[in-house]
Amino acid sequence: MKIKRLFKYTATLVITMIFVLTPPGIAQKNLQKSPGGYHGELDFPISWSRYYSYAEWTKIMHDIQKKYPELADIQSIGKSRMGRDQYLITITAKSTGKHSEKTAMWVDGAIHGNEVNGVTCSLYLMWYLLTRYDYDPYVHDLVDNCTFYILPGLNVDANDSFVVHPNTPNNPREPYRPEDNDGDGLYDEDQTEDVDGDGELSTMYIEHPKGNYKLSTDKRSFVRVDEAEEGVKLFVRIGEEGYDNDGDGLINEDDIGGPDPNRNFPYGWSLEAGNPYPMSESECRNVFEFQLKHPNIFASFHFHNTGRLIMFQAPPAVSQPNMSDEQSQRMRDMQEQRLAMLRETNKYAQLFDRQVAPVDQHDMDTQTAIVTAGARILQNYSPTIGGLSGQAHAATYYMLGAYSYLIELWGSNAEIADMDDDGRVSDEEMLQWIDIELTGEGWISPHKVDHPDLGEIWIGGTPKKHIRRTPPARYIEQEAFKNAQFVMYCASQFPKAEVVDITVRPVADNLYWIEAAVKNDRVYPTASDRAKQLKLVEQDKIMLKTSKNVSMIEVPKGSAATDPSNPNADVEVITKRGTEFWLKGKETIRFGALVKMDGSQGWVEVQVKSQNGGTDSKRINLKVQ
Ligand SMILES: [Ca+2]
Ligand SMILES: [Ca+2]
Ligand SMILES: [Ca+2]
Ligand SMILES: [Ca+2]
Ligand SMILES: [Zn+2]
């Protein structure tokens with residue numbers, strides 16, 4: 001049966017359509033209308049100009065949950081090796097539904113113990129969402145409609161140690177699985193120590209006639225010497241501060257920490273980096289088990305440092321066989337030209353040199369669109385495709401189908417400090433940055449110290465702990481703010497399936513052709529290509545409900561022409577059992593159905609149901625006058 005045959009216009013019927021609209025949401029108590037006004041920041045004041053110990057930041061979490069019990073819950077997802085709870089805060093408005101029934105964002109901080117600006121970024125997001133809920137319609141809407149699962153500290157033992165104890169910027173990094181690094185039968189028996197007691201871990205040097213370092217002219221650094229100079233003291237670099245605790249003649253040879261936790265996840269795992277087996281570390285296993293139990297997690301953020309990168313997961317590359325060097329060069333040139341063109345109107349535009357299979361193309365396009373926005377929001381961050389190798393964000397995309405992002409926070413202050421613009425910040429340049437921007441705070445000048453094992457040594461010539469990898473406290477908030485913005489932007493682009501543009505046309509006597517569109521005006525589709533392939537998501541579904549006197553007339557499945565004068569205006573037919581489909585990002589699909597009405601009035605309701613895009617319905621009343 002051809003649909004267009006049915007369109008015999010019957011002039012005697014006049015249809016009135018009465019839409020039933022969704023009721024408006026509950027008004028916000030303290031809605032702030034001015035961007036210059038108060039947005040709740042003192043309702044629960046937190047200083048964002050310092051780092052917090054585990055005891056301090058977990059207390060902040062518990063206190064803020066008590067302040068906003070209708071928006072937040074706290075649970076421990078499990079314990080670390082040393083028995084610390086890994087506290088997760090779930091944020092969503094309980095009045096609008098259960099957390100597990102809303103599309104969710106996962107956020108974790110500092111899987112690498114030393115990367116504690118991931119903790120502050122996660123805490124900041126928590127605080128921003130909760131304190132602004134009543135004041136800021138954007139936040140209100142996000143917290144009403146999405147769930148945020150925030151685990152501020154993933155590697156809690158090392159996170160705490162990094163903040164509380166003297167450390168280099170790079171340590172401690174791994175979970176505390178005991179490892180005998182030097183094979184002497186003792187575990188972690190010779191770790192670093194703060195030899196001079198200044199609260200920092202710097203570098204030790206010792207005077208030696210054959211040394212290859214000397215003091216810089218300003219005596220604030222050690223610099224390499226190419227050849228001996230008359231009357232200049234020479235030094236040998238010993239390494240990080242510490243003692244020979246076990247008397248084996250070596251210093252700091254058996255430090256604390258097991259495998260790299262961000263190589264311990266199951267996807268792309270290797271024995272060498274992720275030993276002894278996937279998910280061996282309880283800190284990681286607790287996270288993955290939680291994620292497996294929460295299939296509503298749609299996207300994930302993982303805060304690391306350093307380097308100002310947005311590392312996102314993309315679908316696998318398809319190899320292009322038989323491409324000559326010239327052909328690949330031509331492809332690269334074309335790509336560069338395309339990017340240059342895009343950047344004429346958007347300086348943040350991104351394009352990536354990865355060819356993916358057609359079934360993965362929408363994921364590639366979606367991620368490109370998202371990180372283009374990320375490049376704008378984060379400023380001076382570079383989007384780049386992330387690796388697999390047992391990383392947490394590889395597992396969330398490749399195994400759970402969630403769009404995932406690893407953020408490398410902070411980094412060298414190259415754009416300010418790199419005076420000669422060679423792309424790196426030398427000690428001298430770092431010193432200038434510390435003297436000017438940090439008003440002198442943050443450098444350890446070389447000084448003599450008596451070492452119990454080595455005698456007279458020198459310590460210093462390095463920045464302090466919170467300089468290179470974690471921002472000095474005065475920069476915590478600006479970094480946390482823009483990263484919270486990016487996470488919220490992504491959540492604001494979670495799919496939303498809406499029923500729009502219902503129309504009804506009389507066809508013949510008591511037959512009516514109903515049309516409606518389902519629209520997703522968000523960047524993300526209702527399901528990632530990956531989630532579809534893993535069969536983790538149900539298809540979106542459109543159905544028709546009617547009053548008793550209205551019945552559906554089955555029309556052959558497939559698309560149907562709707563307008564006799566325009567054969568291109570195809571729609572998908574809604575069947576009696578409902579029609580399944582997938583809705584991409586920024587896509588609208590039109591549907592149609594044929595109904596028969598007995599009597600002079602009735603109604604038809606178009607309902608759409610989407611696992612990640614929510615439910616929506618619109619009703620239309622039919623009345624013959
Ligand atoms: Ca040992
Ligand atoms: Ca060890
Ligand atoms: Ca020290
Ligand atoms: Ca030793
Ligand atoms: Zn890291």
Side-chain angles (χ1 to χ4, degrees), residues 51 80-82 112-114 155 157-206 213 215 219-222 235-264 271-276 280-283 427 430-431 434 440-470 472:
Y51 288 95
S80 67
R81 180 169 287 271
M82 306 301 280
H112 289 133
N114 55 321
N155 188 353
D157 297 334
N159 294 154
D160 189 52
S161 173
F162 181 77
V163 170
V164 171
H165 301 293
N167 277 299
T168 70
N170 308 314
N171 245 344
R173 190 165 171 76
E174 302 89 7
Y176 283 179
R177 171 185 290 278
E179 267 185 9
D180 177 12
N181 301 81
D182 59 342
D184 65 351
L186 300 170
Y187 287 75
D188 310 332
E189 77 283 359
D190 197 337
Q191 304 176 24
T192 48
E193 283 97 1
D194 177 14
V195 171
D196 61 357
D198 67 347
E200 298 281 340
L201 269 192
S202 188
T203 307
M204 305 194 295
Y205 291 85
I206 192 163
Y213 284 88
L215 277 170
K219 306 222 181 314
R220 295 172 78 184
S221 311
F222 290 93
F235 297 87
V236 171
R237 185 181 183 282
I238 299 168
E240 289 162 4
E241 281 181 63
Y243 309 113
D244 178 10
N245 303 78
D246 58 347
D248 67 349
L250 299 168
I251 292 172
N252 308 337
E253 80 282 358
D254 196 340
D255 205 353
I256 199 155
D260 185 332
N262 204 36
R263 299 290 181 275
N264 198 237
L271 178 62
E272 193 186 348
N275 69 85
S280 60
E281 305 314 295
S282 58
E283 293 85 350
D427 277 357
M430 180 62 82
L431 261 165
I434 286 170
E441 186 187 49
W443 189 260
I444 305 161
S445 289
H447 50 280
K448 278 189 207 171
V449 177
D450 229 356
H451 191 284
D453 307 318
L454 302 166
E456 186 186 273
I457 59 159
W458 290 65
I459 292 178
T462 66
K464 292 186 175 175
K465 182 165 66 177
H466 293 296
I467 295 285
R468 280 193 202 274
R469 295 190 62 135
T470 47

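Start at 1 and go down the list; that is how both ligands and their atoms are numbered. Note that the structure is a prediction, hence the values are computed from the model and not measured.
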(Q) Angle between ring planes, Y243 versus H451, binned at 30° and 60°: parallel, tilted or perpendicular? (A) tilted
Q) side-chain hydrogen bond (donor to acceptor under 3.5 Å, both in side chains) with H112: which of N170, N155, N159, D260? A) D260
Q | Protein N/O/S atoms closer than 3.0 Å to the Ca ion (ligand 3) | A | D194 OD1, D196 OD1, D198 OD1, E200 O, E241 OE1, E241 OE2
**Q.** Sub-4.5 Å side-chain heavy-atom contact between I434 and K464
**A.** no
Q. Under 4.5 Å between any side-chain heavy atoms of F222 and R237, yes or no?
A. no
Q | Heavy-atom side-chain contact between V449 and V195 under 4.5 Å | A | yes
Q | Count of N, O or S atoms belonging to protein, less than 3.0 Å from the Ca ion (ligand 2) | A | 5
Q) Quick one: does D182's side chain get under 4.5 Å of D248's, heavy atoms only? A) yes
Q: Measure from the Ca ion (ligand 1) to each N, O or S atom of G185 and report whether any distance is below 3.0 Å.
A: no
Q. Taking 3.0 Å as the cut-off, does an N/O/S atom of D182 lie below it from the Ca ion (ligand 1)?
A. yes
Q.
What I want to check is whether the side chains of D255 and N171 have a donor and an acceptor closer together than 3.5 Å.
A. yes
Q: Sequence neighbours left out, what pairs pass ring-ring contact (aromatic ring centres under 6.0 Å, His included) with at least one residue falling in residues 176-196?
A: none
Q: Return the set of residues passing side-chain hydrogen bond (donor to acceptor under 3.5 Å, both in side chains) with H466 (not counting sequence neighbours), or none when no residue passes.
A: T470
Q. Taking C-beta and beyond as the side chain, do I238 and W458 meet within less than 4.5 Å on heavy atoms?
A. no
Q.
Please tell me whether T462 and T203 have a donor and an acceptor in their side chains that are separated by less than 3.5 angstrom.
A. no
Q. In D184, what N, O or S atom is nearest to the Ca ion (ligand 1), if we give its atom name?
A. OD1
